[in-house]
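For reference, the structure is listed below as structure tokens.
Lettering follows sequence order; numbering is per chain, from 1.
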Amino acid sequence: MNERTMDELLADCTRCGLCREVCIVERLGGHSITSFLSGEKDYSSWLCSSCWRCQEVCPQAVDIHTIMMLKRREQAPPAGHEANLVNVMRLGYALQMEDDINELRRFHGLDAVQFIPAEWVETLLRGDMTRNQEDR
Amino acid sequence: MERMALFPGCLVLQRMPQYEKATKEVLSAIGIRVENIPRAACCGAPLESFTDRWLYLAAYNLSLAERMGLEVVTLCGNCTNTLLRANAALEDPSLRLEVNAVLSPMELRYDGKTTVKHLVQLLVERLDEVRARMTSRLSLRVAVTHPCQAFRPHEVSGFDDPLEPQAMRQLVASTGAEVVDYLTEHDCCGATLYLGDRQLGLEAGRRKLASAAGADVLVDACGNCQLLLERFRGFLGDSHERSRLVVLTLPQLLGLAMGIDDAALGISAASARAIAEAAA
């Protein structure tokens, strides 16, 4: 899906540092993908608040989000992200969805919800990929 | 009554029936009946860091809404951003073919006919109707935190000012409440950051609550913000636990101005008391 290579994605970046200036992670003392874009080696592609401010302010319209996603597929995930992934792959939801959710909903006067059937999670997320695409 | 499909997202579905309930009350007051999408799954966001199949999951959800023939209303910034970007990506005919091949055994089809709107956008587009339903003016000082991902990237959302959004401020102002400026208004709450680094995530939340502490109420419109700023309040340190700042979701605040009962809006007795004291 991300057909462009890292070099192509980075081609327009001038290392102006504006992305890093608006990054909340950097302001809190962490080092995000915006450090990488500023030429630093000490950063984690996983340290991100997903606020998209960096991409919005980039004067060169660099696709920072895609760069970060590609980098993430090379760097081991923190436990929180991995737990969400495992849940989605297994259940189709980022969090455990048990039937007691419908009890809670009833208590709040909300209709019961129908969950995605397990075999559809299989088809969507674990079945053969069309066009024999490999997961990156 | 006009009908729309509600996509609450995993967080709201699992932990925040109050937000969903208040949304339904307020939308019903302005003549919109929202229905949950049967068999809807996660929007796909948590998968994107690992696999391109996030798009299959997003397209699956959109195809369910398409089959209902309804537009989608979202409650979470992250889901909004993911579903909007999926719609944009699926303008590519080859991707659309690929996705439809995956959806066909489920007798589903993605044709790109469903629009996705965050609750804030839907409400601000109907500001006149919202105003017309107000029965009292709230004498409160309200700080606003914006669901950042519902506004960005602007090329996909096409809505509001992407860096300094105004929609929520307008909606809060329509209640008669005073919208309070504060230093970290446009900073992220820290909820997604928490997944990568707990301490940094909590620090973002702590700074936001501290900066908004001069207000009576902090209003959010996202499951992630509500999780970090309200549910995780206990982890955010003593001074904030004692702070009188009440954290509400946007439809809860609007509902109060519409004269809807606290309980129907899922506002706890303690929060209702604090709001009544602040308004006195």
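In terms of heavy-atom pairs under 4.5 angstrom with chain A, the leader among B/Gly190, B/Gly196, B/Gly44, B/Cys43 is B/Gly196. Heavy-atom pairs under 4.5 Å with chain A peak, among B/Glu20, B/Glu203, B/Arg152, at B/Arg152. Ranking A/Leu95, A/Asn84, A/Ile101, A/Asp100 against chain B, the residue ahead of the rest is A/Leu95, based on heavy-atom pairs under 4.5 Å. In terms of heavy-atom pairs under 4.5 angstrom with chain B, the leader among A/Arg72, A/Met97, A/Glu56 is A/Glu56.
Note that CH2 of A/Trp46 and CG of B/Leu195 are 10.0 Å apart. Values are rounded to the nearest 0.5 Å.
The pair B/Asp52-A/Arg73 counts as a salt bridge, with a side-chain nitrogen and a carboxylate oxygen less than 4.0 angstrom apart. Of the charged side-chain nitrogens involved, at least one lies within less than 4.0 Å of a carboxylate oxygen, so that A/Arg27 and B/Asp187 count as a salt-bridged pair.
Closest heavy-atom contact between B/Ala41 and A/Gly92: CB-O, 3.4 Å. The two atoms that bring A/Gly30 and B/Leu200 nearest to each other are CA-CD1, 4.1 Å, heavy atoms only. In plain terms, the two heavy atoms of A/His81 and B/Thr192 that are nearest each other are NE2-O, 4.2 Å. Smallest separation of non-hydrogen atoms from B/Cys10 and A/Ala94: SG-N, 3.2 Å. B/Arg39 and A/Phe115 get closest at one heavy-atom pair: CG-O, 3.7 Å.
Interface remark: B/Arg15 contributes side-chain atoms only to the contact with chain A (heavy atom separation under 4.5 Å). Both the backbone and the side chain of A/Leu47 come within contact range of chain B, each with at least one heavy atom under 4.5 Å from a heavy atom of that chain. Heavy atoms closer than 4.5 Å to chain A are found in the backbone of B/Ala40, but not in its side chain. Contact of A/Val22 with chain B is not made at all, since no heavy-atom distance falls under 4.5 Å. For A/Leu28, the parts lying near chain B are the backbone and the side chain together; criterion is any non-hydrogen pair under 4.5 Å. For a residue to count as touching a neighbouring chain, one of its non-hydrogen atoms must lie under 4.5 Å from one of that chain's; by this rule B/Asn224 does not touch chain A. With a threshold of 4.5 angstrom between heavy atoms, A/Leu124 approaches chain B through its backbone and through its side chain. Of the atoms belonging to B/Leu13, heavy atoms from both backbone and side chain fall under 4.5 Å from chain A. There is no contact between A/Glu119 and chain B, counting heavy-atom distances below 4.5 Å.
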Check: Could you go step by step and tell me if B/Phe151 and A/Trp52 meet the side chain to side chain contact (heavy atoms under 4.5 Å, CB included) rule?
Finding: CA-CA 9 Å; B/Phe151 306 94; A/Trp52 287 74; over 6 Å; no

Next item on the list: Test B/Ser49 against A/Met69 for side chain to side chain contact (heavy atoms under 4.5 Å, CB included), laying out the working first.
Entry: CA-CA 5 Å; B/Ser49 306; A/Met69 290 298 135; 3.8 Å; yes

Item checked: CA sep, side-chain torsions, deciding dist, call: B/Leu57, A/Leu125, side chain to side chain contact (heavy atoms under 4.5 Å, CB included) -> CA-CA 8 Å; B/Leu57 207 50; A/Leu125 303 181; 4.3 Å; yes

Margin query: Between A/Ile116 and B/Tyr60, is the side chain to side chain contact (heavy atoms under 4.5 Å, CB included) condition met? List the steps.
Written below: CA-CA 10 Å; A/Ile116 181 173; B/Tyr60 162 78; 3.3 Å; yes

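No hydrogens or angles considered: a donor-acceptor pair under 3.5 Å links the side chains of A/His65 and B/Glu48.
Looking only at distances, a side-chain donor or acceptor of A/Arg53 sits under 3.5 Å from a matching main-chain atom of B/His186.
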